[in-house]
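Since the structure comes first, as C-alpha cells, the remarks are kept for the end.
Computed from a predicted structure; not experimentally measured.
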Amino acid sequence: HSDEIAAWRTTLPEGHRFEATQALRQLLNRAVAWEIIDSNPAKAGVDNPRRQHPEKRPFESWAEIDRARRAPRPCLRVDDRLRRRYRPAAW
C-alpha cells in the first residue's frame with residue numbers, strides 16, 4: 001500500500017530517499033507491465049510534505065540593526081597606501 005511505502009521511505013537516510021524510491025517505482029512499474037500486480041502503489045496519491053526550513057532572524061529589533069550598522073569595521077586593506085587612505089583621522 002502507498003501508506004506503507006511512505007512509512008518505509010521515512011526510515012531511509014535523507015540523502016538516499018529519492019534514489020531508493022525511484023528504484024522501487026521502476027520495480028513496481030515492471031510488475032504492472034508483467035501483470036504481477038494491477039497498479040503501482042507508489043504512484044498513488046500520498047502527501048509529500050515539504051521540508052520546513054527554520055526561520056532565520058539575524059536581528060531581533062531595529063535597535064540591534066542600528067547598533068550593528070554603527071559598529072566600527074576592521075580596516076582590511078592590501079597595501080599601506082590604501083590602509084592609510086581609509087584610516088580615520090584619529091589614527
Check your understanding: Of the non-hydrogen atoms in Asn40 and Asn29, which two are nearest, and what is the gap between them?
Key -> ND2-OD1, 2.8 Å
Exercise for review: Give, for atom CZ of Arg9 and atom CD of Glu14, the distance between the pair rounded to the nearest 0.5 Å.
Suggested key: 9.5 Å
Practice item. Report yes or no: do Ile5 and Leu12 belong to one cluster of Ile/Leu/Val/Met/Phe/Trp/Tyr joined by side chain heavy-atom distances under 4.5 Å? Key: yes
Practice item. Could you tell me whether Glu19 atom CD has more than 12 heavy atoms of other residues or ligands within 6.0 Å of it? Key: yes
Revision key, fill the gap. d(Arg67 CZ, Phe59 CZ) to nearest 0.5 Å is 10.0 Å
Review point. Can Leu24 be reached from Ile37 by stepping across I, L, V, M, F, W or Y side chains whose heavy atoms are under 4.5 Å apart?
Key: yes
Practice item. Could you tell me the separation between the CD1 atom of Ile65 and the CZ atom of Arg70, rounded to the nearest 0.5 Å? Key: 12.0 Å
